[in-house]
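The chain is numbered in sequence order, starting from 1. All figures in this text were calculated on a predicted structure; none of them were measured in a lab.
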Amino acid sequence: MRHPNFSLASEVRHALNFGAPIVALESTVITHGLPQPQNLQLARDMEKQALAHGATPATIALLDGKIHIGLTDADLLRLSEAPAPLKVSHRDFATAIVKKLNGGTTVAGTLFAANMAGIQVFATGGIGGVHKESAFDISTDLQALAHTPLIVVCAGAKAILDLPATLEYLETMGVPVIGYQTDEFPAFYSRESGLKVSARLDTPKEIAEFAKAHWNLGFKSAVLVTNPIPETSAIPQSALEPLIAQASQEAIAQGIHGQQLTPFLLARISELTQGKALKANLALLLNNAKLAAEIAKEMNVKKKEWAL
Ligand code: PSU
Ligand code: MN
């Protein structure tokens with residue numbers, strides 16, 4: 001069966017048919033998270049990183065209103081230069097479809113599409129969460145993590161978010177938060193946050209076993225794997241705190257909220273750190289693609305037919 005709104009790259013179709021390791025990759029990082037031309041370079045590097053570690057990459061995005069699972073290099077180029085692309089979470093897919101738009105999928109959007117395709121492992125930079133600026137601004141990512149059974153590898157969540165509230169929400173929704181070789185929840189640019197994960201695991205094999213145990217019990221949530229940024233690229237939280245506070249104040253003063261808030265804060269912090277944050281962002285993304293590929297290899301998925 002084929003779904004009319006999806007387009008599956010042949011490499012991804014083959015990998016699914018053979019039960020070969022696959023890593024899904026999000027694309028809001030390309031359309032809204034990073035400036036040009038670093039966004040295209042990063043998109044290509046993420047794919048290379050997954051391949052180099054034995055997994056087929058499947059970057060997920062909307063092109064002309066179609067949900068693509070796996071992009072060609074020409075697609076990546078188009079997406080990276082698309083004027084006014086849509087930021088696609090759950091409620092935005094139908095908008096993109098009926099208006100035939102291009103768009104980058106968020107963690108929530110990517111989880112939805114990857115799950116439809118039967119992909120089990122997904123790498124991103126940082127998840128969305130509970131914002132500090134408004135008690136009502138809670139990313140759809142948290143809901144999606146609560147009911148989509150994938151392993152999501154991230155570097156934690158940025159300290160632009162209310163991290164204790166984000167972790168409380170994940171606990172309420174029954175989402176395991178794994179620390180990869182750490183007991184502490186990493187804060188994206190920083191390795192430290194002072195907050196604890198729900199379990200520490202030290203190898204990709206243990207993570208694969210954990211996910212299988214979780215899902216074999218019938219739970220439907222994601223397994224969130226938090227992978228601290230490599231030490232050489234990390235920025236201490238104490239150095240970031242005043243900059244985050246400044247960016248947050250500016251967002252409030254300028255009335256920025258909703259979907260625009262995360263991209264605004266990311267861009268301001270990049271400026272305020274003179275690009276140091278951008279370099280850190282790229283380093284942690286690649287580090288996550290590598291771990292995701294290693295986990296995907298341990299999943300040993302059974303051969304199955306593509307269901308869309
Ligand atoms: N956090 C980052 N970089 C990002 C994002 C989050 O450090 O690029 C993106 C992800 O795609 C995430 C989305 O899913 O922002 C969350 O947006 P919102 O808060 O509007 O749900
Ligand atoms: Mn939001």
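- Residues Leu161 and Leu265 are members of one and the same hydrophobic cluster, defined by side-chain heavy-atom contacts under 4.5 angstrom among Ile, Leu, Val, Met, Phe, Trp and Tyr.
- The list of salt bridge (charged side-chain N to carboxylate O under 4.0 Å, His left out) pairs with a residue in residues 146-172, not counting sequence neighbours, is empty.
- For residues 193-212, the pairs satisfying side chain to side chain donor-acceptor pair (under 3.5 Å) are Asp183-Arg200, Arg200-Asp202, Thr203-Glu206, Lys205-Glu209, with sequence neighbours left out.
- Other residues, nucleotides and ligands contribute more than 12 heavy atoms inside 6.0 Å of the NZ atom of Lys297.
- Between Thr110 and Val107 the shortest side-chain heavy-atom distance does not fall below 4.5 Å.
- Taking CE of Met299 as the reference point, atom CD1 of Ile22 lies at 12.0 Å (rounded to 0.5 Å).
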Candidate pair Met173 and Leu145, rule side-chain contact (heavy atoms from CB on, under 4.5 Å), full reasoning: CA-CA 8 Å; Met173 303 305 273; Leu145 288 165; over 6 Å; no

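- Under the 3.5 Å distance criterion, the side-chain polar atoms of Thr226 are left unmatched by any main-chain donor or acceptor of Ala155.
- Within the structure, ring pair (Phe, Tyr, Trp, His ring centres under 6.0 Å) pairs that include any residue of residues 215-246 comprise His214-Phe219 (at least two apart or interchain).
- Looking at every heavy atom in both residues, Ser80 comes nearest to Asn39 through O-ND2, 3.1 Å.
- Proximity of Leu282 to Leu34: side-chain heavy atoms (C-beta onward) are separated by under 4.5 Å at one or more points.
- Counting only residues at least two apart or in different chains, salt bridge (charged side-chain N to carboxylate O under 4.0 Å, His left out) contacts with residues 223-247 comprise Arg191-Glu231.
- We find the CG-CG distance between Leu285 and Asp45 to be 10.5 Å, quoted to the nearest 0.5 Å.
- When the side chain to side chain contact (heavy atoms under 4.5 Å, CB included) test is applied to Ala114, the partners found at least two apart in sequence or on another chain are Ala24, Ile60, Ile119, Leu150.
- Connection of Ile256 to Ile160 is established within a shared hydrophobic cluster, with ILVMFWY side chains joined at heavy-atom distances below 4.5 Å, either directly or through further cluster members.
- By the side chain to side chain contact (heavy atoms under 4.5 Å, CB included) test, Asp92 is found to be paired with Leu86, Val88, Ser89, Gln259, residues two or more places apart in sequence or in another chain being considered.
- Note on Ile244: it clusters hydrophobically with Ile229, by side-chain heavy-atom contacts below 4.5 Å among ILVMFWY residues.
- Looking at Glu298 and Ile295, their side chains never come closer than 4.5 Å, going by heavy atoms from C-beta outward.
- Of all the heavy atoms in Leu25 and Pro57, the pair that sits closest is CD1-CB, 4.1 Å.
- When the salt bridge (charged side-chain N to carboxylate O under 4.0 Å, His left out) test is applied to Glu294, the partners found at least two apart in sequence or on another chain are Lys290.
- Here the side chain of Asp141 pairs a donor or acceptor atom with the backbone of Ala108 at under 3.5 angstrom.
- Side chain of Glu192 to backbone of Gln237: a donor-acceptor contact under 3.5 angstrom is found.
- Applying the ring pair (Phe, Tyr, Trp, His ring centres under 6.0 Å) rule to pairs touching residues 244-287 yields nothing, sequence neighbours excluded.
- Taken from CD1 in Ile235 to CG in Leu243, the straight-line distance is 8.5 Å, to the nearest 0.5 Å.
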Scan the side chains in residues 123-134 for donor-acceptor partners under 3.5 Å anywhere in the protein, sequence neighbours excluded, and list what turns up.
residue: Thr124; atom: OG1; partner: Glu26; partner atom: OE2; Å: 2.5
residue: His131; atom: NE2; partner: Thr262; partner atom: OG1; Å: 3.1
residue: Lys132; atom: NZ; partner: Ala159; partner atom: O; Å: 2.7
residue: Glu133; atom: OE2; partner: Ser248; partner atom: OG; Å: 2.8
residue: Ser134; atom: OG; partner: Phe136; partner atom: N; Å: 3.1

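- Remark: side-chain polar atoms of Asp75 are paired, donor with acceptor, to backbone N or O of Thr72 under 3.5 angstrom.
- Using a 4.5 Å heavy-atom cutoff, the side chains of Asn287 and Ser233 are not in contact.
- Proximity of a side-chain donor or acceptor of Thr273 to a complementary backbone N or O of Ser270 within less than 3.5 Å is detected.
- Of all non-hydrogen atoms in Pro164 and Leu195, the two that sit nearest each other are N-CD1, 3.9 Å.
- Side-chain heavy atoms closer than 4.5 Å link hydrophobic residues (I, L, V, M, F, W, Y) into clusters, and following such links, even through other members, never connects Leu51 to Phe18.
- Panel note: side chain Gln49, backbone Leu286; a donor-acceptor pair is recorded below 3.5 Å.
- Considering all non-hydrogen atoms of both residues, Thr28 and Gly104 come closest at OG1-O, 3.1 Å.
- Separation of atoms CG (Asn227) and CG (Asn288) is listed at 5.0 Å; rounding is to 0.5 Å.
- No side-chain donor-acceptor contact under 3.5 Å links Ser139 to the backbone of Leu142.
- For the pair Ser27 (side chain) and Thr105 (backbone), a donor-acceptor distance under 3.5 Å is present.
- No side-chain heavy atom of Met46 sits under 4.5 Å from any side-chain heavy atom of Thr59.
- A salt bridge (charged side-chain N to carboxylate O under 4.0 Å, His left out) check over residues 264-273, counting only residues at least two apart or in different chains, returns the pairs Glu250-Arg268, Arg268-Glu271.
- Residues Ile69 and Ala117 come closest through the heavy atom pair CD1-CB, 3.6 Å.
- Gln246 contributes atom CD, which lies 10.0 Å from atom CD1 of Ile269 (distance to the nearest 0.5 angstrom).
- The main-chain N or O of Val175 is never found under 3.5 Å from a side-chain atom of Ser221 such that the two would form a donor-acceptor pair.
- Applying the side chain to side chain donor-acceptor pair (under 3.5 Å) test to residues at least two apart or on different chains, the pairs with a partner in residues 61-71 are Asp64-Arg78.
- When each of Asn102, Asn5, Ile67, Thr95 is checked for a side-chain contact (heavy atoms from CB on, under 4.5 Å) with Leu62, only Ile67 meets the rule.
- Taking 4.5 Å as the limit, every side-chain heavy atom of Lys87 sits out of range of all side-chain heavy atoms of Thr31.
- Every pair tested for ring pair (Phe, Tyr, Trp, His ring centres under 6.0 Å) that includes a residue from residues 158-212 fails, sequence neighbours excluded, so the list is empty.
- Atoms CD and CD, on Glu11 and Glu47 in that order, are 9.0 Å from each other to the nearest 0.5 Å.
- The two atoms that bring Leu79 and Gly103 nearest to each other are CD1-O, 3.7 Å, heavy atoms only.
- Val225 and Leu167 are not part of a single hydrophobic cluster, where members link through side-chain heavy atoms under 4.5 Å apart.
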